[in-house]
Amino acid sequence: MADVKKFYITTPIYYVTDKPLLGNSYPTVIADVIARWHRLRGDDVFFLVGTDEHGEKVETAARTAGKNPKEFVDDIVGVYKDAWQQLCISYDYFIRTSDPNHEAMVSQFIEKIAKGGDIYKGFYEDWYCVPDETFWTELQLKDGKCPECGRPVKKVKEECYYFKLSKYQQALLELYEKNPAFLSPKHRSKEIINRVKAGLNDISITRSTVKWGVPFPLDKSHTIYVWVDALFNYITALGGPSDGRFARFWPADVHLVGKEINWFHSVIWPALLMSAGIELPRMVFAHGWWTAEGKKMSKSMGNSVNPMDIANKYSVDALRYVLVREMPLGDDGDYSEKSLITRLNNELVAELGNLINRTLTIAEKFDGKIEGKPELDAALDIGAIDAHMQKNDTFNALNDVFTFIRAANKYVNDKQPWKLNGSELAGVLYNLLEAARIISILIYPFMPQTGECIAVQLGTKVGKLEDCKFGNFDGKVAKGGYLFKKVL
Ligand code: MSP
């Protein structure tokens, strides 16, 4: 196994114009799984989440709601915090871009970038997608609409300040070349590299018609473009370059982002950091998109899925399980309730739940000393699971955990412990209880409540990765209820 190290992972910070949906719960759950795994290894972890609160979209939404923007964002942030608590998101810090500390630091970074000569005054006359807060040229539009989300764009004509993104073309290409993992997964890197090779335009980094934002330090009649403000959250959350947390955790090890915002993170963000003289993050991992029941999820189509409804109906862990198991990280996939129910019944109930239930049932009836020789250990390859997780391959890691669960079930079927007694039964039970204990640890990052529930029934605590080896079972079994209920 690799050495213990510091590990800093971030999710996108979400616009506070809506409550959490399945789409933005996805990177939050995946980042949580990865953060929890690193904590199991004993790594020094910092896991950041937050909200993106400035900009035209929020300003307009607040006006429509008849509130001032600050009131508006304050009301919604609590909904996010509650949702993340319910989904067992173990974040270390929740950043809000309306935090005064964040605002002050963003302003300082922009001043630094300006001092380096990378900002100049100009005029923007082209298109803007308010829902995505993105500038588009006429040529980029698709049928006159936003090429990213397909929604209408508006014409913007306003004075602005530009950042010299074009100056960083070569440096960015060198970064991608020298550090291929920066653009992850590999199959998404080509698109970015080709676009950067084709040439970079300077980008507008201020808005003179948007008031809800960080004042632009060089000209207070402008606010800083919301995306520039938002990207800096990854540093301001650590207290900025003079803070001990920055020294301890920066550079970020993984910025987990959706594929549609890869450009901002893989091109604009490193260019801003180069300009500000700050070390670059190690990896931007662009994950894919969910559709729901075969269709693009959107509120206007009425098929946006509320993760809390799923969690309330089936359990938080069933939701977390499906988000990891149904779609390899980096690919696109489809969410359907039918498929969730199939996995819940066939995998969580019939494989994991059944193994734990039959193990505990036999253990409760047994009153001898539980001892034996490891036999099931051959079916477990912790190194391989950890290697998957080091590549953020949550899909294959969970797959391997279930391969072990299946092997343990097969072991029960082969050994037929109900026909055994004495030391033979003790030996089989020893293997099953140790397997269950190890499973409680391995499953914990994916399904924390299930991991804890198994550990409680075994009379142990969820251990660390180093405890995932067959030793002496020293728990005290107290069988509880079923882990999962079959959905009929
Ligand atoms: N505020 C910006 C991010 C700034 S980061 C410095 C933003 N916010 S957002 O609220 O629109 O969230 C977008 C993120 O939610 C996507 O990048 C993606 O990670 C996630 N998803 C939203 N819908 C999704 C799906 N249907 N499927 C998977 N993830 C998607 O963009």
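These values consider heavy atoms only, across backbone and side chains, with no hydrogens, waters or symmetry-generated copies. The chain is numbered in sequence order, starting from 1. First listed ligand is number 1; within each ligand, the first listed atom is number 1.
Asn262 meets the side chain to side chain donor-acceptor pair (under 3.5 Å) test with Ser266; sequence neighbours excluded. When the side-chain contact (heavy atoms from CB on, under 4.5 Å) test is applied to Lys485, no partner is found at least two apart in sequence or on another chain. A search for side chain to side chain donor-acceptor pair (under 3.5 Å) contacts involving Thr97 returns nothing, not counting sequence neighbours.
In this structure, Arg248 is not positioned above the aromatic face of Tyr8 in the sense of NZ or CZ being under 6.0 Å from the six-membered ring centre and within 45° of the axis.
The backbone N or O of Thr209 sits nowhere less than 3.5 Å from a side-chain atom of His222 that would complete a donor-acceptor pair.
For the residue pair Glu103 / His54, a side-chain donor-acceptor distance below 3.5 Å is found, with atom types taken as modelled.
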One pair per line, please: each N/O atom of ligand 1 matched with every protein N/O atom under 3.5 Å away, atom names first, then the distance to 0.1 Å.
residue  : atom   : partner : partner atom : Å
ligand 1 : 1 (N)  : Ile13   : O            : 2.8
ligand 1 : 1 (N)  : Asp52   : OD2          : 2.6
ligand 1 : 10 (O) : Tyr15   : N            : 3.1
ligand 1 : 17 (O) : Gly258  : N            : 3.1
ligand 1 : 17 (O) : Glu260  : OE2          : 3.0
ligand 1 : 19 (O) : Gly258  : N            : 3.2
ligand 1 : 19 (O) : His287  : NE2          : 2.7
ligand 1 : 21 (N) : Gly23   : O            : 3.3
ligand 1 : 26 (N) : Trp290  : O            : 3.2
ligand 1 : 27 (N) : Trp290  : N            : 2.9
ligand 1 : 29 (N) : Gly23   : O            : 3.1

